[in-house]
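One structure is given below, encoded as structure tokens.
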Amino acid sequence: MSTPVLVAVGWPYASGSRHVGHLAGAYLPADVFARHQRRVGNEVLMVSGSDVHGTPITVRADAEGVTPQDIVDRYHNEFVAQWAEIGIAWDNYTTTGTPHHARVTQEMFLQQLENGHIDKRTSDQFYDPEADRFLPDRYIEGTCPHCDYAEARGDQCDNCGRTLDATDLVSPRSTISGATPVLRATEHFYFRYSDFTERVAAWLRTRKGWRPHVHNFVLAWAEEDGLLDRAITRDIEWGVELPVDDLGPGKRIYVWYDAVIGYLSASQEWAAQRGDDDRWRLWWENDDARHVYFIGKDNVPFHCLFWPAQLMGAGDLHLPDDVPANQYVTFKGGKASSSRGVGLTIAEGLELFQPDGLRYALAANFPEQADTDISVAEIARRINEELVATWGNLVNRVLSMVHKNHGAQPASDGRTAQDEAVLAAVDASLATAGEQIERVELRNALRTAMDGAQAINAYLNATEPWKLAKSDPERSAVVLATALDGINGVRVALSPFLPFSSAILDDALGAVDGWQRVPVAPGTPIAKPVPLFTKVDVDELLADADPADG
RNA sequence: GGCGACGUAGCUCAGUUGGUGAGAGCGCUCGACUCAUAAUCGAGAGGUCGACAGUUCGAAUCUGUCCGUCGCUACCA
């Protein structure tokens, strides 16, 4: 009955601040899903961490004259503080920079090496003689051979949009030092992803219920192109050390091989931290476990093709059961990007909005089917006209009346069919929202939960307890008790989305276990309520905000 | 260039395998109510479903072309 559920969340890259698009794309949907899973009684392990390796971090460190670890520390600490502020409840949020992660990565590497899935090859790579380092294609600029654009990057020309090979560039130069790069032979380990094309394709064909845009994409990739072998080491000093020394010094494991291993290493780290070293096996060596990966669509190939191949090559570890990747949140039609100043960083979002307000607005706009365009005005609209008006106001009006007229939850003997009907509507919305969250249709689930609130609002307008208080006080008491019982159901449906205001209601009405509506015990004292949410002053907000965010 | 996706009411989006008069939320108009954060409830207006041409008894839903937007293209992760 209790299912072990691994909620695996894409690892934020510790190279800069993350924006609310990342929040809406991965961290928040994962948190909503995990909170629901915990509530229904499943054994949830939600893991992620800061991805600390990769070239952009070392380049940034060089540019600022600090160490890569300084960059990593800065952003990892920022992320950790923000998770607490926005209420992302990890079971383990770690980093890929721990000795533990290095050991797990090395063990997996050795296992795959032993199994024959890793081999050594030599290739020519561009080398910056001045900076004394090998260069990824994107750190080489030159003149585009197609359009003569002078600042084309080695991987792509921003002017004509064509994909390039760095060797195509006319008069190439290093973006790090400006020096002319030279080709130099280098030896690296390759993971033989091609060994797994058939197995991965066959496995993908058995997946049911995946989002079409994810499933179609990776099926076509596996069946038409197949998986290609990729170098999983680099000529860098910043990365997990190799567990074998036969490549010589200056070689490290590359970020995209080790980052996904973080899901496994974080699970093992979690187990060790709670003094139960083998506990992770409940999720990873258990066919009955369920693994759900929350990532952005840019990460789909890594999680649906490469990571499964790595797992297959390492032995018999649990493969992903679903990868409900989200599309992008865009701002004014442009992809959110903190580096280009488009959209809001998480810090900016938290500065402008209450955590539950921001969570509500983003959840209502999760890009589950297609890219979704949002703005500061749209977030404010969702908060003021939906969250505050429908839900916050409902709680406030009912608690106010109960407090003023009774001071405590009244008894509700003698309910009519009308009373039972509104409770049935709440129960139905609670059940439906649960099913939708189970299918990771979180936008729909939020809408369904709000339908429960609207049903109670309609019920109040139909019964008019404020009039009954004078004409028929006993009936008024039953209506108010019924409305409050309804609220106690709706708040369960909303609890995965709104953890902060849910905690306030736990205090006011008593905690509720499970995914169910529980009556508020008659006699429960009801204090004069403080509004759960405050309205956003849109004019002030838009005056302050960058016009580009409006 | 190649591959893929998208373009549905003012805004953000749903629309299973083609089939009774095209939907939701918000906004807007009108009405009701006044307990509540000028909140709530009801009713209504509003769309030739990007354009054109096809397939079909019948298409927002299938095919082709075009226009527009976007993503991926394996060294951004």
Side-chain angles (χ1 to χ4, degrees), chain A residues 10-15 51 53-57 125-126 134-140 146 153-156 160-163 165-166 193 212-213 216-217 220-221 224-225 227-231 234 254-256 259-260 295-302 305-306 327-328 330 333-335 339 361 364-375 377-379 381-382 384-386 388-390 392-405 441 443-444 446-447 450-451 453-454 456-462 464-469 476 479-480 483 529-535:
Chain A
W11 291 52
Y13 196 44
S15 63
D51 181 0
H53 296 132
T55 317
I57 286 177
Q125 298 291 322
F126 273 114
F134 281 91
L135 295 169
D137 286 350
R138 66 186 316 233
Y139 290 109
I140 299 168
H146 304 289
R153 285 179 312 171
D155 53 349
Q156 186 178 34
C160 66
R162 284 179 218 257
T163 304
D165 200 307
Y193 289 101
H213 72 88
N216 292 342
F217 181 59
W221 186 316
E224 289 168 26
D225 301 334
L227 278 60
L228 300 186
D229 300 340
R230 296 158 61 115
R234 290 290 186 283
Y254 194 53
V255 60
W256 68 17
V260 284
I295 58 170
K297 64 179 169 184
D298 50 344
N299 252 321
V300 166
F302 287 91
L305 299 167
F306 307 147
Q327 312 261 6
Y328 290 139
T330 60
K335 180 182 173 184
S339 61
N365 287 301
F366 279 159
E368 294 173 345
Q369 308 293 336
D371 290 354
T372 298
D373 202 53
I374 66 172
S375 61
E378 163 71 6
I379 295 171
R381 202 215 93 216
R382 291 284 190 182
N384 288 347
E385 288 158 21
E386 295 182 16
V388 174
T390 302
N393 183 59
L394 170 65
V395 172
N396 201 46
R397 70 194 293 211
V398 172
L399 289 181
S400 292
M401 279 189 279
V402 172
H403 166 71
K404 202 184 310 174
N405 298 348
E441 298 173 12
R443 273 176 84 133
N444 286 340
L446 182 58
R447 184 63 244 156
M450 291 297 282
D451 287 343
Q454 289 196 322
I456 300 172
N457 274 321
Y459 166 78
L460 289 171
N461 280 52
E464 302 186 309
W466 51 91
K467 285 184 180 172
L468 292 171
S476 173
V479 167
L480 289 179
V530 175
L532 288 178
F533 318 101
T534 49
K535 276 196 151 193

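Numbers restart at 1 for each chain; the letters A, B, ... are given by sequence-line order, proteins then strands.
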Study note, to complete from the structure: Side-chain atoms of P531(A) come closest, of rU37(B), rC35(B), rA36(B), to rU37(B)
Check your understanding: Quick one: is rC26(B) close enough that its OP1 or OP2 comes under 4.0 Å of any side-chain N or O from Q454(A)?
Key -> yes
Check your understanding: K297(A) side chain N/O closer than 4.0 Å to the phosphate oxygens (OP1, OP2) of rA5(B)?
Key -> no
Exercise for review: Could you check whether D51(A) gets within reach of a base, just the sugar-phosphate, or nothing at all, counting any heavy atom under 4.0 Å?
Suggested key: sugar-phosphate
Practice item. Quickly work out the L135(A) CG to rC76(B) P distance and round it to whole Å. Key: 13 Å
Check your understanding: Taking the C1' atom of each, how far is rG27(B) from rU17(B), in whole Å?
Key -> 36 Å
Check your understanding: Are any non-hydrogen side-chain atoms of Q454(A) and M450(A) less than 4.5 angstrom apart?
Key -> no
Practice item. Report yes if some heavy atom in the side chain of Y193(A) is under 4.5 Å from a heavy atom in the side chain of L305(A); otherwise report no. Key: no
Review point. Could you give the CG-to-P distance, from N216(A) to rG4(B), as a whole number of Å?
Key: 10 Å
Review point. Is a donor-acceptor contact shorter than 3.5 angstrom present between the side chain of N393(A) and the base of rA36(B)?
Key: yes
Practice item. State, with a plain yes or no, whether a side-chain heavy atom of I374(A) is found less than 4.5 Å away from one of I379(A). Key: yes
Review point. How far does the C1' atom of rA9(B) sit from the matching atom of rG46(B), given to the nearest Å?
Key: 6 Å
Practice item. Report the nucleotide, chosen from rC26(B), rU12(B), rA36(B), that has the shortest atom-to-atom distance to any side-chain atom of S400(A). Key: rA36(B)
Check your understanding: What nucleic acid atoms does I140(A) come within less than 4.0 Å of, heavy atoms only: base, sugar-phosphate, or nothing?
Key -> nothing
Check your understanding: In whole angstrom, what separates Y459(A)'s OH from rC35(B)'s C1'?
Key -> 14 Å
Study note, to complete from the structure: The residue, A370(A) or V388(A), whose nearest nucleotide of RNA chain B is more 5′ is A370(A)
Point to revise | Donor-acceptor contact present, side-chain N457(A) to main-chain T390(A), <3.5 Å | key: yes
Practice item. May I have the distance from D451(A) (atom CG) to rA14(B) (atom C1'), rounded to whole angstrom? Key: 13 Å
Review point. Quick check: does any side chain N or O of T372(A) sit under 3.5 Å from a backbone N or O of A370(A), one acting as donor and the other as acceptor?
Key: yes
Check your understanding: Between rA22(B) and rC26(B), how far is it from one P atom to the other, in whole Å?
Key -> 23 Å
Review point. What is the distance, rounded to the nearest whole Å, between atom CG of D373(A) and atom C1' of rC13(B)?
Key: 11 Å
Check your understanding: Which range-with-range stems can be found for RNA chain B when each stem has 3 or more Watson-Crick or G-U pairs in a row and both distances sit under 3.5 Å?
Key -> B:1-7 with B:67-73, B:10-13 with B:23-26, B:28-32 with B:40-44, B:50-54 with B:62-66
Practice item. Calculate the interatomic distance between Q327(A) atom CD and rG4(B) atom P; express it in whole Å. Key: 15 Å
Exercise for review: Give one of base, sugar-phosphate or nothing for D225(A), where a contact means two heavy atoms less than 4.0 Å apart.
Suggested key: base
**Study point:** Student check: side-chain heavy atoms of F306(A) and V260(A) closer than 4.5 Å
**Key:** no
Review point. With a 4.0 Å cut-off on heavy atoms, is W221(A) in touch with a base, just the backbone sugar-phosphate, or nothing at all?
Key: base
Point to revise | S15(A) (side chain) donor-acceptor with I57(A) (main chain) under 3.5 angstrom | key: no
Exercise for review: For nucleotides rC72(B) and rU37(B), find the distance between their P atoms and express it as a whole number of Å.
Suggested key: 47 Å
Check your understanding: Out of rC41(B), rC70(B), rC11(B), which has the shortest distance to the side chain of E378(A)?
Key -> rC11(B)
**Study point:** Under 4.0 angstrom between T372(A) side-chain N/O and rC13(B) OP1 or OP2
**Key:** yes
Practice item. Quote, to the nearest angstrom, the C1' distance that separates rU16(B) from rG23(B). Key: 15 Å
Exercise for review: Taking atom P in both rU61(B) and rC49(B), compute the distance separating them and give it to the nearest angstrom.
Suggested key: 9 Å
Practice item. Would you mind telling me which residue lines up with the more 5' stretch of RNA chain B, N299(A) or N365(A), judged by nearest nucleotide? Key: N365(A)
**Study point:** Any donor-acceptor N/O pair, D371(A) side chain to Q327(A) backbone, under 3.5 Å
**Key:** no
Exercise for review: Using only side-chain N and O atoms of K535(A), determine if any of them is under 4.0 Å from OP1 or OP2 of rA38(B).
Suggested key: no
Check your understanding: Are any non-hydrogen side-chain atoms of W466(A) and R397(A) less than 4.5 angstrom apart?
Key -> yes
Review point. In whole angstrom, what separates Y328(A)'s OH from rC76(B)'s C1'?
Key: 10 Å
Practice item. Quickly work out the Q369(A) CD to rG4(B) C1' distance and round it to whole Å. Key: 16 Å
Check your understanding: Contact class for Y139(A) (heavy atom, under 4.0 Å): base, sugar-phosphate, or nothing?
Key -> nothing
Point to revise | P-based separation of rG58(B) from rA74(B) [nearest Å] | key: 46 Å
Review point. Does N461(A) make a side-chain N or O approach to OP1 or OP2 of rU40(B) shorter than 4.0 Å?
Key: no
Check your understanding: Does R230(A) reach the main-chain N or O of L227(A) with its side chain, forming a donor-acceptor pair under 3.5 Å?
Key -> no
**Study point:** Distance, P atom - from rG42(B) to rA24(B), rounded to whole angstrom
**Key:** 13 Å
Revision key, fill the gap. Ranking rC41(B), rC35(B), rG71(B) by distance to the side chain of N457(A), first place goes to rC41(B)
